[in-house]
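Working notes, structure below.
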Amino acid sequence: MVTPVLMIAIPLLAAFLMPLIKKAHRYFTFSILLLNAILSVLLFAKVYNDGAIYETIAGFSPPVGIYLAVDNLSALLALIINLFATINFVTSKKDFKFSMLYLLGVTGATGIVLTGDIFNMFVFFEITAVASYALVASKKDEKAVEGSIKYMILGSVGSSFMLIGIAIIYSQLKSLNLYDIAARISSMDPKMMWLSFSFLLTGIGVEAELFPLNGWVPDAYEGASSNIASFLSFGPSKASIYAIARLLIIFSMSRTYELALYVGIATLLIGEVAAFMQKNEKRMLAYSSIGQMGLILIAFSLIKDTSYAIPAAFFIIVSHASAKSSLFLISGKKGFGGITSKYVGLAGVLSLIGMPPMAGFWGKWYLLMGIADEKMWAVAAVIIFSAVIEAIYFARYLHKNLGEGESEDLGYSIPAAVMVSVSIVMGILPLIYNMAGGVLNA
Amino acid sequence: MVVEKIAVIALYTTIAMFVGILFMGVGRKIVARVHNRVGPPVYQGFIDIAKLLTKKTNISHGWIYDLALLFSMTGIMLTILFLPIGGVKLLSMEGDAFLVLYLLAIPALGFALGAGASGNPNAAIGVMRALVMMLSYELPFVITLIALMIYYDTSSIAQIVEMQHAKWAIMIPPFVLAAAVADMALQGMLMEAPFDIPTAPHEIASGPMAEFGGKHLGALMIYKAGTIVAYTTLFVDLFLGGGVVMHDGSVLAYLANFAVWFILIFLVFTLSLLINTSFPRFRIEQAFKFYWKYEALLAFISLIWVYLMVIS
Amino acid sequence: MLELIFAVLLIAAFATLFIKSGRIAAIISLIASAMPLIAVMDWANDFGIKAFSFGVENSMDFSIAGITMHLSITSFAWFFAVMVFSLLPPIFLFSYSFFEKNNGFFPFMLFLITAVFGILLASDFLTLFFFWELMAASSFILVYISRDKKAIMSYLAFSVLSAVLILVGIALLYSQSGTLIFSDIVLNADKVTVSAIILMVAGFAVKSALMPLHAWAPFVYSKADEPFVAFLSGGLSKVGYYGMFFMLFALPGAKILHQYFNSGVATYLLAVIGAISAFIGTLLAFMEDDLRKLLAYSSIAQLGYIAVGFGIGSSLAMAGALFQAFNHAFFKSVLFLAAGAVAYRTGKWKISELGGVGYKMPFTFMAALFAIFALAAIPITSGFAAKWLLYEAAVSNKYIFITPIMLIAGVGAFLYSFRILYGVFLGENRHDDIKEAPLPMIAGMFLLVLPLIIFLIFPGYMLDMMHSALVDAGIGTISHTNYVIRTGTASYNTLAVVIGMMVVMIPAFLIYVLRKQKKVDFKDNFLAGEPYEFYGYISMHAANNFYKPIEDVIMPYLRKGAISFYTALYNAMGRVSDASRKIYTGLSQDYTIYIIIFFFIIVGWLIW
Amino acid sequence: MGLFDGDIMKYEDWNKISRIASRKSLWMVHFCTGCGAIELPPVMTSRYDMERFGMGPMATPRQADVLLITGYLTVKTLKRVVNVYEQMQSPKYVISFGSCPINGGMYWDSYNTVKRLDRYLPVDVYVGGCMPRPEGVMNAFLELMKLIDEGKARGWEKYQKYYEQYKRNQKMAFNFEREKDEGA
């Protein structure tokens with residue numbers, strides 16, 4: 001009954017219907033997002049009970065047709081993206097164009113997660129990216145436009161790299177299906193294979209905020225309004241890091257994993273170190289996001305070797321999506337105005353630095369266990385270092401926001417509280433460990 | 001048994017206090033002779049204490065101020081119980097050198113409490129100097145103490161005394177150095193020049209004692225007498241075999257040991273007085289530097305020497 | 001029953017989160033905090049001590065899909081539990097008066113208690129680490145309430161450092177032995193295990209404020225709410241030492257270290273660090289003017305002794321260390337609470353601004369006085385027995401470096417004790433308008449003084465209490481009766497001290513009783529003949545730069561301490577951070593070039 | 001409680017011990033008010049050596065038994081002297097040096113000196129001369145000892161008995177000074 005197609009089709013359709021429903025566009029969009037979130041819950045339940053769903057569209061069989069593949073992790077990610085999108089949309093106060101773009105962005109991010117076809121993935125990338133450029137610019141001040149333009153330039157460079165990568169693969173294997181590619185990747189000319197991998201990694205890496213492809217990140221996050229910054233941190237970035245994980249699994253060579261590990265470490269270090277002295281709150285959070293993306297990439301780079309990698313990555317994604325999004329939502333005020341935003345800030349920070357009862361704790365636990373499995377002590381040292389750095393600047397962030405400031409804007413802080421409570425729920429019920437275990441095998 | 005023990009304790013503390021008060025007079029006599037004066041009679045200490053205890057009026061600054069009296073007298077007598085006097089072990093088998101070190105702090109702390117409660121700023125400054133002086137001289141002193149403990153493999157003073165039956169510690173080369181260090185530490189403990197700045201009368205109006213008068217001061221003088229006996233006995237026990245010359249347990253041995261102990265503490269006290277009369281005062285930080293730089297170094301050399309001797 | 005205790009604690013925590021009044025929250029917390037204490041009392045029967053039985057089971061497995069948390073009480077955890085949980089009801093009693101409004105102290109304190117209960121009960125590493133982190137998080141929020149920048153930053157940074165060190169240590173151990181359950185772990189003397197042990201001990205040492213990792217303590221202790229600081233110094237630091245005890249003796253890490261290094265060098269190093277901690281902490285303590293900072297450094301110093309005991313590791317030393325831990329838990333809590341009571345009435349922290357409080361708050365002063373006697377290890381208090389055991393242990397092992405340092409630190413304790421006594425409670429009577437602290441505060445402080453009095457004459461009771469802990473950890477106990485402790489080389493008889501004291505007290509007591517005296521005002525004081533009124537405009541309280549002469553000598557050597565090292569590190573890191581942000585030039589063309597360079601690098605790396 | 005007041009021991013007996021002890025142990029307060037103080041060092045040091053008699057200087061009035069008024073007293077100094085005297089513990093004695101405390105001496109017409117000390121403090125022994133020589137000072141000490149021995153040095157009891165009068169006199173002197181200050 002529940003099919004993944006609906007989750008892409010409904011919002012896409014709704015987005016195009018938007019100009020017709022100008023008046024009630026906010027309620028309409030919200031109900032669509034809510035529907036999508038409910039669908040994703042049902043989808044997750046189905047996938048959890050019956051195993052992965054592979055679905056073709058319009059009757060073409062796999063190597064040729066559009067193809068959706070949903071396993072536990074991608075269903076969960078879709079759930080998170082749609083759930084947070086629903087909560088986040090509550091804060092929107094803009095016109096129908098905004099709602100339309102927002103729906104498109106969510107569609108794209110969901111599509112990236114659910115698709116099983118590399119070209120589709122590219123298309124969804126484009127959808128979410130273009131929507132994001134416009135969303136960043138929707139604040140309509142100088143900084144927003146600047147951020148948007150930088151984002152757009154780099155995003156389009158990235159897209160072209162990605163497209164070239166896809167072209168190389170297609171020229172070699174005559175296939176766009178991810179599973180098909182994964183099965184036949186060894187038959188490729190090695191040089192072509194490496195070349196295509198490099199193009200794809202570079203292309204997706206721009207969206208996934210990997211160093212040094214992430215030049216747009218601080219400007220775009222700083223320029224965007226708080227709810228869009230929040231959207232960026234749970235939507236496109238999480239979807240694209242998931243795409244990188246799929247890429248790694250497809251190419252599944254020890255060199256690619258090694259490369260991912262190095263890129264992850266570099267991203268982690270640069271992100272955390274840059275955030276350390278950053279006084280501007282939103283930029284600091286943006287740099288911190290970069291660091292967290294590095295951490296997620298490190299976790300993904302261990303997929304092949306240890307079963308702890310996926311839960312680690314999953315918990316860090318949940319922790320980061322919920323905590324960072326809520327922090328972005330309550331940012332931009334002069335301090336935590338009231339009790340809600342104070343506790344949201346605290347919970348968010350504690351989740352990010354990995355303290356229970358938040359999801360971040362389990363992320364840190366599984367990541368370190370995975371690293372111990374691999375005996376990569378240098379990585380452990382890097383993580384110790386970055387954790388301490390992170391603790392210091394987040395402590396400063398918390399202290400800076402202590403002022404009584406303006407009175408609390410409950411319109412922002414309650415959605416933020418709901419978001420951060422997701423992290424707490426995930427932390428308290430580590431039963432997700434079982435659900436996330438043993439998924440994502442091609 | 002217990003009654004007997006208590007009687008012996010009472011007897012010995014009385015004797016020790018008697019000796020201490022006597023030494024105060026003798027000390028003044030000796031100093032006077034060095035100054036080419038006649039000096040007071042040797043029993044002057046008794047007269048002074050009698051006068052102070054028979055004063056007609058007394059002031060008090062509250063109950064903590066009064067505690068000083070109780071603490072200082074009790075503390076010093078208690079310390080004497082834990083020191084072998086002429087080889088007689090009162091309670092010294094029930095405690096050891098660490099206990100003695102800390103027991104010596106009871107009167108000091110009580111005294112400091114009383115001085116603090118008096119509210120006199122001079123008293124507070126005096127206590128500060130006394131405490132800093134304590135910190136200063138304790139370092140070289142504990143190092144020499146540890147040297148002894150390691151050499152004799154015991155921390156009990158009674159056993160250290162017993163083990164010196166054959167040969168006094170001071171006859172062993174490293175302990176000559178240690179004894180010299182400990183003697184300078186003794187100078188600080190007794191607050192004799194050059195380390196008498198805590199109670200400098202002209203400078204801070206005799207420091208901690210500034211507000212004490214009458215019976216309180218009388219009790220403090222008894223305490224002072226006690227410190228003379230306690231510290232010199234400690235020195236004699238540690239380095240000079242506790243004055244034990246006969247070991248057969250006869251009455252004669254008791255008397256002889258007691259006599260030798262008396263002579264030895266008198267000599268140690270006289271040495272300290274002679275140093276006292278020949279030197280001006282150190283400032284407090286000079287004293288601190290003296291003890292922690294030179295004295296501690298010498299003490300540590302002797303400790304390492306002993307350590308090497310024990311190990312080989 | 002055990003679930004019930006956790007449930008009550010958590011429900012109370014959530015309930016107090018929504019209660020505005022500090023009074024009601026304090027009562028709820030008081031009742032909730034009695035729950036773990038009941039369990040602890042109950043478990044006493046398991047470890048050879050007669051007590052009431054309430055039928056609390058001593059182990060529990062808590063399991064949700066895939067993850068099982070094993071909880072069970074061990075003898076050494078029980079010993080630490082006794083000291084930690086007996087602190088809590090008095091502290092909450094104190095808080096009843098201290099907090100008019102509930103500022104978040106009560107709920108997070110209850111979370112903290114839950115976490116500590118979990119840590120002490122944990123019997124696998126996941127549980128241990130989970131509750132350790134919960135403790136770090138809730139105590140961080142309690143620090144956060146203080147609103148002080150340095151406290152918040154240093155506490156979070158060091159908490160995370162400790163957590164990550166422990167986590168890496170656990171990961172290393174796990175990679176070696178493949179299990180997280182304590183009883184299944186078999187250790188070998190190899191490089192990984194040894195580094196795991198060292199990392200974890202370092203991680204636990206952060207919470208115990210051991211010297212190079214102590215930098216958070218002065219800031220946090222001096223800024224957070226007093227009842228919390230009392231628990232932080234009294235209770236949480238002991239949890240850190242519980243971790244160390246567990247690693248070194250229960251696992252047993254110390255043996256592994258001995259095997260690996262072929263000598264006791266690693267544990268000796270721990271003892272040296274502890275001794276230096278005691279020494280430098282003492283020096284810094286008596287030069288401090290802020291009462292709470294003074295107590296913080298004093299805590300660092302007193303906790304250093306415990307590390308010395310752990311480092312030496314003989315039965316004598318361990319008995320001393322545990323005894324010292326127990327004493328410190330109580331006397332330092334009393335001192336912090338007394339500081340809180342003084343601040344509650346006067347609103348001042350600087351010793352140079354206080355003075356004469358003891359005349360107006362005699363009961364607070366008496367509680368503090370007793371605690372200070374225990375702290376300075378005056379032989380008629382229980383504080384001495386602990387230090388005596390440690391000194392004996394050090395000397396009988398012929399540690400020529402540690403012993404004098406420990407002893408001189410013990411002497412230094414008199415210096416800062418006097419600083420508190422004189423600077424805060426005695427001296428010039430400057431506070432005419434204050435009253436004695438409220439009754440609950442005094443009751444709380446005196447309840448905490450009570451154990452110190454019990455173990456005064458009967459240190460044997462304490463040794464009985466730690467008996468099964470030491471035996472279970474394979475250390476062995478020392479021979480003792482109720483009031484005599486015997487070591488190979490000496491003995492300490494508290495009864496002899498007390499009886500001897502009573503005998504020699506007679507003459508002093510006679511003079512004391514028979515003195516006829518006139519009580520005079522503070523103003524009737526010898527000031528070189530000047531009447532006090534003439535000095536009305538000058539403070540007669542000698543408390544500014546009290547130890548200035550010695551400070552001038554010592555400070556040049558201590559200026560480059562750990563805190564300045566961390567500050568320099570922070571600044572250097574800040575410069576690196578500023579430099580690293582130069583990468584983000586803000587120019588799209590630069591970023592595009594980065595992309596292209598990145599592409600060529602990975603292509604090159606992958607293909608060649 | 002009465003051990004020292006006659007409940008247990010007869011007051012006179014106790015008093016006798018007290019007198020004997022305090023005669024042989026006179027501690028003087030180190031408070032030099034005038035030029036006569038210069039005569040004290042010879043008395044203390046080896047030539048005359050007052051420590052023979054158990055005498056010695058003490059740092060504070062709390063510890064001392066004898067107050068030496070070594071020369072003239074201004075009104076301003078008198079205030080301090082009275083303060084010091086009142087801080088001393090009984091029994092306490094006053095010795096006045098030279099002619100100034102007796103009748104003003106060479107300052108007989110000064111507006112600012114105290115002409116007759118015994119209006120303000122009970123003086124036990126006067127030493128005449130301007131200044132008295134050390135022998136005189138020694139003699140005064142011996143005289144004081146004799147008086148104590150005979151129980152005649154009762155200045156402190158007099159001060160207690162006529163406290164009001166002494167206070168009134170002192171107050172007059174101080175007030176004179178204050179009025180003068182205000183007038184100037």
Side-chain angles (χ1 to χ4, degrees), chain A residues 149-150 153-154 157-158 161 191 194-195 197-199 201-202 205-206 212-213 215-216 218-219 255-256 259 270 273-278 346 350 353-357 361 364-365 368-369 371-373 375 380 383-384 387-392 394-396 398-399 402 429-431 433-434 437, chain C residues 64-67 126 129-131 133-134 136-137 140-141 144 147-149 152-161 163-165 167-168 170-175 192 195 570 573-578 580-581 583-588 590-592 594-599 602-603 605-607:
Chain A
I149 286 179
K150 279 176 192 164
I153 294 172
L154 295 189
V157 171
F161 270 79
K191 276 190 183 166
W194 294 131
L195 205 58
F197 177 80
S198 308
F199 273 116
L201 183 67
T202 313
V206 172
L213 317 171
W216 58 273
D219 290 320
R255 289 203 99 177
T256 55
L259 180 72
I270 289 289
V273 168
F276 185 74
M277 264 291 146
Q278 178 59 264
L346 268 173
L350 291 182
I353 61 181
M355 286 197 176
F361 169 78
K364 203 164 75 174
W365 172 265
L368 260 294
M369 286 297 146
I371 288 171
D373 257 10
K375 301 196 170 29
I383 288 173
I384 294 180
V388 174
I389 295 260
E390 200 175 9
I392 292 173
F394 270 122
R396 201 183 52 222
L398 282 179
H399 176 258
L402 259 173
L429 302 174
L431 99 189
Y433 168 65
N434 265 8
Chain C
I64 338 170
I67 289 173
L126 175 60
F129 185 65
F130 181 83
F131 283 114
E133 285 280 66
L134 191 63
F140 168 69
I141 295 174
Y144 182 65
R147 315 177 78 93
D148 182 72
K149 187 176 180 184
I152 292 172
M153 283 174 71
S154 57
Y155 192 72
L156 191 61
F158 277 95
S159 288
V160 168
L161 179 67
V164 193
L165 287 177
L167 180 52
V168 172
I170 292 173
L172 287 165
L173 279 183
Y174 180 58
S175 74
V192 177
S195 44
Y570 176 80
M573 201 56 230
R575 282 194 291 279
V576 172
S577 168
D578 286 339
S580 77
R581 271 184 286 115
I583 296 169
Y584 295 95
T585 53
L587 298 173
S588 305
D590 288 353
Y591 295 151
T592 318
Y594 291 165
I595 293 177
I596 292 161
I597 292 172
F598 174 76
F599 171 72
I602 62 168
V603 166
W605 192 79
L606 285 172
I607 294 183

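Just so we're on the same page: letters track the sequence lines, and every chain starts at 1.
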Contact leader toward chain C among [options], where contacts are heavy-atom pairs under 4.5 Å:
| options | answer |
| --- | --- |
| Leu398(A), Val157(A), Val388(A) | Leu398(A) |
| Trp365(A), Phe394(A), Trp194(A), Trp216(A) | Trp365(A) |
| Ile389(A), Ile153(A), Ile384(A), Ile383(A) | Ile384(A) |

Minimum-distance pair of heavy atoms, taken over all atoms of [X] and [Y]:
| X | Y | result |
| --- | --- | --- |
| Ala157(C) | Ala391(A) | CA-CB, 3.9 Å |
| Tyr584(C) | Pro218(A) | CD2-CG, 4.1 Å |
| Ser175(C) | Ala372(A) | CB-O, 3.3 Å |
| Ser580(C) | Ala274(A) | OG-CA, 3.5 Å |

Are side-chain heavy atoms of [X] and [Y] found at a separation under 4.5 Å?
| X | Y | answer |
| --- | --- | --- |
| Val576(C) | Phe276(A) | no |
| Lys364(A) | Leu167(C) | yes |
| Leu346(A) | Phe140(C) | yes |
| Leu350(A) | Ile141(C) | yes |
| Tyr591(C) | Asp219(A) | yes |

Would you call the rings of Phe599(C) and Phe199(A) parallel, tilted or perpendicular, where under 30° means parallel and over 60° means perpendicular?
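Tilted, since the angle between the ring planes falls between 30° and 60°.
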Is it true that a side-chain atom of [X] and a backbone atom of [Y] form a donor plus acceptor pair closer than 3.5 Å?
| X | Y | result |
| --- | --- | --- |
| Tyr570(C) | Ile392(A) | no |
| Lys191(A) | Ile607(C) | no |
| Ser577(C) | Val273(A) | yes |

Report which part of [X] has an atom under 4.5 Å of a heavy atom belonging to chain C: side chain, backbone, both, or neither.
| X | answer |
| --- | --- |
| Leu368(A) | both |
| Gln278(A) | both |
| Pro212(A) | both |

To the nearest 0.5 Å, what is the distance between [atom1] on [X] and [atom2] on [Y]?
| X | Y | atom1 | atom2 | value |
| --- | --- | --- | --- | --- |
| Leu259(A) | Leu606(C) | CG | CG | 5.5 Å |
| Lys150(A) | Asp590(C) | NZ | CG | 10.0 Å |
| Leu213(A) | Ile597(C) | CG | CD1 | 11.0 Å |

Can you check side chain to side chain contact (heavy atoms under 4.5 Å, CB included) on Leu156(C) and Met355(A), steps first, answer last?
CA-CA 11 Å; Leu156(C) 191 61; Met355(A) 286 197 176; 4.2 Å; yes
Side chain, backbone, both or neither: which part of [X] has an atom under 4.5 Å from a heavy atom of chain A?
| X | answer |
| --- | --- |
| Ala163(C) | side chain |
| Tyr144(C) | both |
| Asp148(C) | backbone |
| Tyr174(C) | side chain |

What do the steps show when you test Tyr594(C) against Leu154(A) for side chain to side chain contact (heavy atoms under 4.5 Å, CB included), and what is the final call?
CA-CA 10 Å; Tyr594(C) 291 165; Leu154(A) 295 189; over 6 Å; no
For the interface with chain A, which of Leu172(C), Ile170(C), Leu165(C), Ile583(C) has the highest count of heavy-atom pairs at distances below 4.5 Å?
Leu172(C)
